[in-house]
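Notes follow once the structure below has been shown.
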Number of protein chains: 2
Amino acid sequence: MKKTEKTIYEARAKIIKAIAHPSRLLIIEELQRQERCVNELTEMIGADTSTVSKHLSVLKNAGLVADEKRGNAIFYTLRCPCIMGFMGCVEEVLAANAEDQKNIMKACKK
Amino acid sequence: MKKTEKTIYEARAKIIKAIAHPSRLLIIEELQRQERCVNELTEMIGADTSTVSKHLSVLKNAGLVADEKRGNAIFYTLRCPCIMGFMGCVEEVLAANAEDQKNIMKACKK
DNA sequence: TGGCTATTTGGCTATATTGCCAAATAGATT
DNA sequence: AATCTATTTGGCAATATAGCCAAATAGCCA
């Protein structure tokens, strides 16, 4: 792998890594519906505020969300709705895996 | 986040995490083109064989690739070509980030 | 000003990931 | 059988990630 290539793959991996966490997936899904402040997301996730704040900074750092201060709160929005297209494929993979499991079970019973 | 919800998000995150690594991105891209054995991928990546083997087992464990033994070698194939749809969105994010950088630079010069 | 509310930051521990080496395994070849 | 090739596994050290608490910061409100 050449150096230039490596840089490109690393940049892509950084984006995808930012998405690859249960809480951050929830955040992305919710922000795709509507903008939310840290407090609201914290309640939905049920973790410490600081933890959620850090998740948001990971997403922001990857360029996936934008934030805007309004009044006392900071509202986060999803910058790239296309991310949700991801999820369809992920579900496909999960469905395929479930199908495999089913077939394995069936084979075992024989 | 309810327990059931959490399980779902964790399952999704596992798939996405499997994709989120530079070498594994290269592997996915290459397998989308054609099936490859561990040795071939190892050469392309330029890491230890054992390292590549482990990357492949991560992908396999997530259900993203399948393997088939033929002769002396084990050939890996991509199970879900839809993953490549991911990449378009990732590139969009990277382009948007680059655009931001450019604007920041421009603002600084003033 | 002083106290709220919302959010971020620093610090720490626990856990997970990565990547190398060496050794084990499995087939193919001689 | 002995060897060669391809791959996986175990073990280890380095690094990264996650999540909590406590403390810092910033704007609002009385």
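Values below: all heavy atoms of this structure, side chains included; hydrogens, waters and symmetry mates excluded. Naming convention: chains lettered A, B, ... in sequence-line order (proteins, then strands); numbering from 1 in each chain.
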Could you list, one pair per line, each protein nitrogen or oxygen that sits under 3.5 Å from a nitrogen or oxygen of nucleotides 17-23 of chain D, together with the distance?
{"unit_1": "D:dA18", "atom_1": "OP1", "unit_2": "A:Arg24", "atom_2": "NH2", "d": "3.4"}
{"unit_1": "D:dA18", "atom_1": "OP2", "unit_2": "A:Arg24", "atom_2": "NH1", "d": "3.3"}
{"unit_1": "D:dG19", "atom_1": "OP2", "unit_2": "A:His21", "atom_2": "NE2", "d": "3.3"}
{"unit_1": "D:dG19", "atom_1": "OP2", "unit_2": "A:His55", "atom_2": "NE2", "d": "2.7"}
{"unit_1": "D:dC20", "atom_1": "OP2", "unit_2": "A:Asp48", "atom_2": "N", "d": "3.2"}
{"unit_1": "D:dC20", "atom_1": "OP2", "unit_2": "A:Thr51", "atom_2": "OG1", "d": "3.2"}
{"unit_1": "D:dC20", "atom_1": "N4", "unit_2": "A:Lys54", "atom_2": "NZ", "d": "3.0"}
{"unit_1": "D:dC21", "atom_1": "OP2", "unit_2": "A:Asp48", "atom_2": "OD1", "d": "3.4"}
{"unit_1": "D:dC21", "atom_1": "N4", "unit_2": "A:Ser50", "atom_2": "OG", "d": "2.8"}

With sequence neighbours left out, the residues meeting side-chain hydrogen bond (donor to acceptor under 3.5 Å, both in side chains) with A:Glu10 are none
Sugar-phosphate, base or nothing in reach of B:Asn72, heavy atoms under 4.0 Å:
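Base, at least one base atom sits under 4.0 Å.
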What's A:Tyr76 touching, base or sugar-phosphate or nothing? Going by heavy atoms closer than 4.0 Å.
sugar-phosphate
State yes or no: do B:Ile74 and B:Ile28 share one hydrophobic cluster built from I, L, V, M, F, W and Y residues joined by side-chain heavy-atom distances below 4.5 Å, directly or via other members?
yes
Determine which nucleotide pairs with C:dT15, using a 3.5 Å limit on both distances of a Watson-Crick or G-U wobble pair.
D:dA16
Residues forming a side-chain contact (heavy atoms from CB on, under 4.5 Å) with A:Ser53, sequence neighbours excluded
none
Quickly work out the [X] [atom1] to [N] [atom2] distance and round it to whole Å.
X	N	atom1	atom2	answer
B:Ile74	D:dT5	CD1	C1'	12 Å
A:Glu10	C:dT18	CD	P	13 Å
B:Leu56	D:dT8	CG	C1'	11 Å
B:Lys69	D:dT7	NZ	P	9 Å
B:Leu59	D:dT8	CG	P	12 Å
A:Asp67	D:dA26	CG	C1'	14 Å
B:Ile45	D:dT7	CD1	P	13 Å
B:Asn39	D:dA6	CG	C1'	6 Å

Does atom CD (B:Glu5) have a neighbourhood of more than 12 heavy atoms from anything else shown, all under 6.0 Å?
yes
Electrostatic pair A:Arg12:B:Glu29 at N-O distance under 4.0 angstrom:
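Yes, charged N to carboxylate O under 4.0 Å.
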Salt bridge check: are A:Arg79 and B:Asp100 linked by an N-O gap of less than 4.0 Å?
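Yes, this pair counts.
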Side chains of A:Tyr76 and A:Glu68: do they bring a donor and an acceptor to under 3.5 Å?
no
Report the nucleotide, chosen from C:dA28, D:dC28, C:dT7, that has the shortest atom-to-atom distance to any side-chain atom of A:Val38.
C:dT7
